[in-house]
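Below is one structure, written out as structure tokens; the observations come after it.
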Amino acid sequence: MVEIELDGQKVEVAAGSMVMHAAEKAGTYIPHFCYHKKLSIAASCRMCLVEVEKAPKPMPACATPVTQGMVVRTKSDKAIQAQKSVMEFLLINHPLDCPICDQGGECQLQDLAVGYGASSSRYEEEKRVVPVKDVGPLISMQEMSRCIHCTRCVRFGQEVAGVMELGMIHRGEHAEITTVTGETIDSELSGNMIDICPVGALTSKPFRYSARTWELSRRKSVSPHDSTGSNLIVQVKNHKVMRVLPFENEDINECWIADRDRFSYEALNGEERLQRPMLKQGGQWIEVDWQTALEYVVNGLQCLKKEKGANSIGALVSPHSTLEELYLAGALVRGLGSNNIDYRLRNAEFAAAPGVRWLGRSIASLSTLQSVLVVGSNLRKDHPLFAQRIRQAARKGCVVMSVNSVVRDWAMPVAQTLVSAPGAWTQALADVAAAVAQEKGVQAPVASGQASNEAARAIAVALLAGEQKAVLLGNAAAHHAQASSLLALAQWIAEQTGASVGYLTEAANTVGAQWVKAVPGQGGLNAAEMLAGGLKGVILLNTEPVLDSAAGVKAAEALAQAEMVVTLSPFKTNLEFSDVLLPIAPFTETSGSFVNAEGRLQSFHAVVRPLGETRPAWKVLRVLANLLDLQGFDFETSQDVLSKATGVPAGQVQSVPAELLDNRTAVVPQAAASGAADPVVASIYQLDGLVRRSTSLQLTADARLAREGAAA
């Protein structure tokens, strides 16, 4: 540790730290633009000049290493004058358009100009003009004349997103930030560039000129998409979601969010929103009141139970639903006497698990891995923020390896990729296991494993080295026809190498769905059996089986044969086979809870009132149960439901109990190819109903490539 004196205060910081780090620790603010705690140091703006005793001139706080006994003054006349001089230079070419700038009210330059800028300028020359650039549907670069060349966006692309999509060309007053070749910005994390831009150069295209920042109310929420559980700030005006930003949480999403977390809100205000209950009469859809719709559903379920038996009724539920909704859907179906409920819509295998499948370690610990083997995942697109953490680990020397059907660009160095068809992934893992066994001199778990496979041997050697290591199974591995064998092999490899084993779980509540047992009970039908036509009465909670299930278009054919299909959704969907549509609230219009991949439970409140006659799904399910005369559904709040579902008083539950988290399996590993179809995995902007209906996300390169792939 090094001790320095900062504005008369003694501060201890680690050797190698900069003066800026000491100031942060001391709670002293030093004005800056280019410095960002998550990015490398550029020292390009010079706004953080401070006085260092015995130094001949002011020094940049962000790039001046601390030394023992150093004396720093951040508010001396010399420091303040230097900062004011830098501000004068920064404003020479900056356009005088604050009144119409979309960044007005949350602009770092505007704020600091008040404290360090002069009331007039000594420069009378014409200001420079930078050409307009079109870089895609998410980021606006219409006013790059405002850019102060802090290069935060460039460094973010290189260091966090892993793709240098922006760079600086030319020098002096001709310098400009650009994509160089005129291409679009296509990173799945690109929206974070908007947040870190300290001026109004990079702005949000969908939000642009929609509202002023001081008109917006800010409310906390949790992302309903992938299993990171990103913390959000949802900004609201006149009971309408206007913008979504990250809420900093170092343990989960740090200060970043994925683009689907940021821009999917467009679907909340789209034309496809279902605002009133609807019934199909004579092939035509008509709007009805809630009482009529609920009575129709209740009468239908009662008749089916009486005539066909309770086992003819079942529920297919989305793992993007809240914990409370999943619990009540299961309780409703079981209350009717059926065990047919499942959230595993894309799975090909439905083996019973002894516990709750999860990540196997904390999300934050992904940043400290020294070696990691990822099986069956397009990591960068399936889990952008997990990939970002592993990318940071790779920058510090982590050896990243994969078993996949193709070599994918993860925007990070991948040391080894075992490429094989999905049906041969078990053989690929058996080869890795054989190589581990040979290195350790133990018996391999599968006789057919080939230790001579060079890629498998390299993976084995890397996993045996170091201390922090993991074997992570992706969405394709979870949905695989031999998912249990893949887990068994991964478990053996992890045990022998001292690694953790876990799942990069697919959805916002995949872990939560297991916790509240949204899976079939004794004798119940699984999702594949239900989607093959095994039901007469079907409840669809927040799901579109044609797009969300492994059955695809065959799901529509099977569901069309059912006597009654009830869709609970925020959108007008499943029209071809449903009999009734009940409008339920998306995550912004209801309270609830999600459980992320590490088992952390996060509850949230509604941020806007329900649109039209939309109702929270947990209330709809509760009322249906009451009308069906089922016992145990007297809940007043979603917190009451949460307490019943978890068995823990409201406000005290924070995570899935450790004794329930279990990635072990007793299955004997098999390396034989299954010959089954490739596992079904949703592309990044087809994961759920919200992202599918976000106009801007559907205009991105990722969405276009997914459509072209589907068409092919």
Q. Between Glu254 and Glu248, does a side chain to side chain contact (heavy atoms under 4.5 Å, CB included) hold up when you go through it step by step?
A. CA-CA 5 Å; Glu254 300 176 85; Glu248 187 169 350; 5.9 Å; no

Q: Evaluate the side chain to side chain contact (heavy atoms under 4.5 Å, CB included) criterion for residues Tyr503 and Leu359: first the C-alpha distance (whole Å), next the side-chain angles of each, then the deciding distance (0.1 Å), finally the verdict.
A: CA-CA 5 Å; Tyr503 281 95; Leu359 186 61; over 6 Å; no

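- Taking the side chain as every heavy atom from C-beta outward, Asn340 and Ile313 never approach each other to under 4.5 Å.
- In summary, Glu188 and Arg380 engage in a salt bridge, as defined by a charged side-chain N under 4.0 Å from a carboxylate O.
- The two residues Ala462 and Met401 have their closest heavy-atom pair at CB-SD, 3.6 Å.
- In this structure, a donor-acceptor pair under 3.5 Å is present between the side chains of Gln602 and Asn231.
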Q: Begin from the C-alpha positions of Val244 and Ile233 and carry the test side chain to side chain contact (heavy atoms under 4.5 Å, CB included) through to its verdict.
A: CA-CA 6 Å; Val244 174; Ile233 291 291; over 6 Å; no

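- Distance CD1/Ile459 to CD1/Ile493: 8.5 Å, rounded to 0.5 Å.
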Q) Given the rule in the side chain to side chain contact (heavy atoms under 4.5 Å, CB included) test, do Arg600 and Val595 qualify, once you have shown the distances and angles that lead to the verdict? A) CA-CA 5 Å; Arg600 182 189 301 250; Val595 182; over 6 Å; no

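- Using modelled atom types, one finds a donor on one side chain and an acceptor on the other under 3.5 Å when comparing Asn192 with Arg262.
- Remark: aromatic rings of Phe594 and Phe587 are distant, center separation not under 6.0 Å.
- To the nearest 0.5 Å, atoms CZ (Phe635) and OG (Ser643) are separated by 9.5 Å.
- Here the straight-line distance linking atom OG of Ser591 with atom CD of Gln639 works out to 7.5 Å at 0.5 Å rounding.
- Here the shortest heavy-atom pairing between Ser593 and Phe604 reads N-CE2, 3.8 Å.
- Between Leu525 and Met530, the closest heavy-atom pair is O-CE, 3.3 Å.
- Atom NZ of Lys554 has 12 or fewer neighbouring heavy atoms from other residues, nucleotides or ligands inside a 6.0 Å radius.
- The line from OG of Ser321 to CG of Leu568 is 9.0 Å long, rounded to the nearest 0.5 Å.
- The aromatic rings of His383 and Phe386 lie parallel to each other, their planes meeting at an angle below 30°, with 60° marking the opposite boundary.
- At most 12 non-hydrogen atoms from other residues, nucleotides or ligands lie less than 6.0 angstrom from CD of Glu467.
- Closest approach of Lys517 and Ile341 over heavy atoms only: O-CG2, 4.5 Å.
- Between Asp251 and Ile363 the shortest side-chain heavy-atom distance does not fall below 4.5 Å.
- Between Glu598 and Arg361 the shortest side-chain heavy-atom distance does not fall below 4.5 Å.
- Side-chain contact of Gln468 with Ser365: a donor-acceptor pair under 3.5 Å is absent, judged by distance alone.
- Using modelled atom types, one finds no donor on one side chain facing an acceptor on the other under 3.5 Å when comparing Thr228 with Asn253.
- Using a 4.5 Å heavy-atom threshold, the side chains of Cys398 and Val372 count as touching.
- In this structure the side chain of His320 never reaches within 4.5 angstrom of the side chain of Asn509, judged on heavy atoms.
- No side-chain heavy atom of Val681 sits under 4.5 Å from any side-chain heavy atom of Asn378.
- Note that the OG1 atom of Thr567 and the CG atom of Asn574 stand 4.0 Å from one another [nearest 0.5 Å].
- Considering Arg391, Lys396, Arg389 as possible partners of Ser367, the one that fulfils the side chain to side chain donor-acceptor pair (under 3.5 Å) test is Arg389.
- In the model, Gln482 has a side-chain atom that pairs as donor or acceptor with a side-chain atom of Thr426 under 3.5 Å.
- Residues Pro384 and Arg260 meet the side-chain proximity criterion, which asks for heavy atoms closer than 4.5 Å.
- Between Asp431 and Arg457 there is no salt bridge, since no side-chain N of the basic residue sits under 4.0 Å from a carboxylate O of the acidic one.
- Salt bridge annotation for Glu324-Lys644: absent, with no cationic side-chain nitrogen under 4.0 angstrom from a carboxylate oxygen.
- A 6.0 Å sphere centred on CD of Gln443 holds no more than 12 heavy atoms belonging to other residues, nucleotides or ligands.
- Here the closest heavy-atom approach between residue Asn626 and residue Asp634 is recorded as OD1-OD1, 4.2 Å.
- When all heavy atoms of Arg344 and Ala351 are compared, the pair lying nearest together is NH1-O, 4.0 Å.
- Between Leu189 and Leu385 the shortest side-chain heavy-atom distance falls below 4.5 Å.
- Using modelled atom types and a 3.5 Å distance limit, the side chains of Ser223 and Asp261 yield a donor-acceptor pair.
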